[in-house]
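The block underneath contains the structure these notes are about, expressed in structure tokens.
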Amino acid sequence: MNPRALVLVIAVLAALAGGALAAELSNRGPYGEFFFDPATGLTWCDPDVLTGTDRAALDVFVTRNSTGWVWATSAQIDALLGSTAPAGSDLEDVMGAPQFIVGAGGPRWIGYYEGAIPDGWLIQSDTEPYDVLTQSGGQGGVAAWGPGGWLVNAADPTTLPRLADQGVHRQLFHDESSGLYWCDPSLFVGFTRDQVTDWLAANPGWRWAAAAEVAALVGRLSVGDVSLVEIMGAPQFWAGAGEPRWIGYYEQAAQPDGLLLEANIEPTFHIVTNYGTQSSSAGWNPGAWVVTAGAPTATAEASWGEVKRIYR
């Protein structure tokens, strides 16, 4: 027997043996971007919202996020076998668009997962109305299949602390987890690093953000599930198909002298999904990552151009 077929047969038999454990999957998240498996208590990110994101970028998200997302194991994916969609709907309604269609229309979801050999894992539904997961197995050379990613969370991500818009002229944001208040990076676009340093000296209580503090924003959802552009201000770069990227100076003056955050999940861009360093930041029209621990108050109302000077 073909080894690939054997893997699929074993997975099917395991599902039948443990069929009593299978459950009805349900949408989770305002856009149905997650789904919930009550049998295991795990929340899954729909594979399709991660389609187009390479393994390296997903590794950054898994490594840096502080909101509980981890790579799913092959055993966790296989454990979905026998799971069903809610009555009157199909699995695409719950798990998102598949990465491949099998035969006459069976959806197959393919994605990167915890393992490296094979480098991908799949699960599929074979029988109309395609509301039961029936097969799973490994997928080698997964990059050629336009994969998504298999990520799970033991918590409900929609209940975790978020990023909230704050401040006069809405040019601050608040991390509900750390309690830190941040200036929108765009406030400092056009400033040199030395000019930001001067601003910090004139505004006691504000300071440069550390790299770990910026990275800790990865995984945060926005309050109201709006685009993070409405929370963090105008991005300094638009990546790929329109993903916002914020770039700014931070506490380290040596190279790499900048850090970036990015929101990649289309079309809502309501989750911080990527973090990285940016060398020679001055060439990217950067802002700055500056924070304060206490809730800032304005000393006076001011024009748009004065906002940078009113927080003390």
Side-chain angles (χ1 to χ4, degrees), residues 53-71 151 157 160-164 166 171-201 203-222 228-229 231-239 243-265 269 271-294 296 308 311:
T53 305
D54 63 24
R55 171 81 193 213
L58 287 173
D59 268 329
V60 170
F61 178 75
V62 170
T63 302
R64 295 292 185 177
N65 88 89
S66 56
T67 51
W69 289 105
V70 297
W71 285 113
L151 301 181
L160 298 178
R162 298 178 178 232
L163 300 182
Q166 296 281 314
Q171 292 201 323
L172 305 174
F173 65 93
H174 179 227
D175 176 13
E176 295 177 341
S177 178
S178 68
L180 291 174
Y181 291 82
W182 298 70
C183 279
D184 290 0
S186 59
L187 279 174
F188 297 97
V189 168
F191 278 45
T192 65
R193 181 184 174 88
D194 286 343
Q195 287 173 322
V196 179
T197 300
D198 290 342
W199 184 91
L200 291 171
N203 289 270
W206 288 93
R207 60 173 175 80
W208 287 111
E213 291 170 323
V214 178
L217 299 178
V218 174
R220 293 272 178 263
L221 291 157
S222 64
L228 284 162
V229 173
I231 304 292
M232 297 170 59
Q236 285 64 69
F237 184 74
W238 296 96
E243 299 91 343
R245 178 184 297 170
W246 295 268
I247 305 171
Y249 299 113
Y250 68 115
E251 72 170 357
Q252 178 174 297
Q255 298 294 336
D257 60 347
L259 296 176
L260 64 87
L261 292 178
E262 195 166 292
N264 300 98
I265 292 181
F269 305 117
I271 308 174
V272 181
T273 51
N274 198 14
Y275 161 88
T277 59
Q278 179 65 66
S279 296
S280 302
S281 293
W284 290 87
N285 200 29
W289 299 107
V290 301
V291 296
T292 186
K308 299 183 181 70
Y311 296 100

Got L217 and Y275 here, is their nearest side-chain heavy-atom distance under 4.5 Å?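 No, side chains not in contact.
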Any side-chain heavy-atom pair of I247 and P185 under 4.5 Å: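 No, every pair of side-chain atoms sits at 4.5 Å or beyond.
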Minimal non-hydrogen separation, [X] against [Y], with atom names:
X	Y	result
T292	P296	CG2-CD, 4.2 Å
I271	L228	C-CD1, 3.5 Å
W246	A263	CZ3-N, 4.1 Å
C183	F173	O-CE2, 3.9 Å
P286	G248	CB-CA, 4.1 Å
V218	L261	CG2-CD2, 4.0 Å

With rounding to the nearest 0.5 angstrom, report the [atom1] to [atom2] distance, [X] to [Y].
X	Y	atom1	atom2	value
F188	W199	CZ	CH2	4.0 Å
N65	N274	CG	CG	12.0 Å
D198	N203	CG	CG	11.0 Å
D59	T53	CG	OG1	12.0 Å
W284	F237	CH2	CZ	5.0 Å
T277	L260	OG1	CG	7.0 Å

Using a distance-only test with no angle check, is there a side-chain donor-acceptor pair under 3.5 angstrom linking D184 and S186?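 No, no side-chain donor-acceptor contact under 3.5 Å.
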Can a donor-acceptor pair be found, under 3.5 Å and without considering hydrogens, that links the side chain of [X] to the backbone of [Y]?
X	Y	answer
W289	L259	yes
S177	P161	no
E176	R162	yes
Q255	S280	yes
S281	Y249	no

Parallel, tilted or perpendicular: which fits the ring planes of Y181 and H174, with parallel below 30° and perpendicular above 60°?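 Y181 vs H174 ring planes: parallel.
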Indicate yes or no: does D175 engage R220 in a salt bridge with an N to O separation below 4.0 Å.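 Looking at R220 together with D175, the answer is yes, because their closest N to O distance falls below 4.0 Å.
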Using a 6.0 Å cut-off, check whether atom CZ of R64 has over 12 heavy atoms from anything other than its own residue.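 Not buried by this count: 12 neighbours or fewer within 6.0 Å.
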Quick one: do L221 and L160 satisfy side-chain contact (heavy atoms from CB on, under 4.5 Å)? Show the steps, please. CA-CA 8 Å; L221 291 157; L160 298 178; over 6 Å; no
What verdict does the side-chain contact (heavy atoms from CB on, under 4.5 Å) test give for F61 and L151, after you've listed the backbone C-alpha separation in whole Å, the side-chain angles of each residue and the deciding distance to 0.1 Å? CA-CA 10 Å; F61 178 75; L151 301 181; 3.8 Å; yes
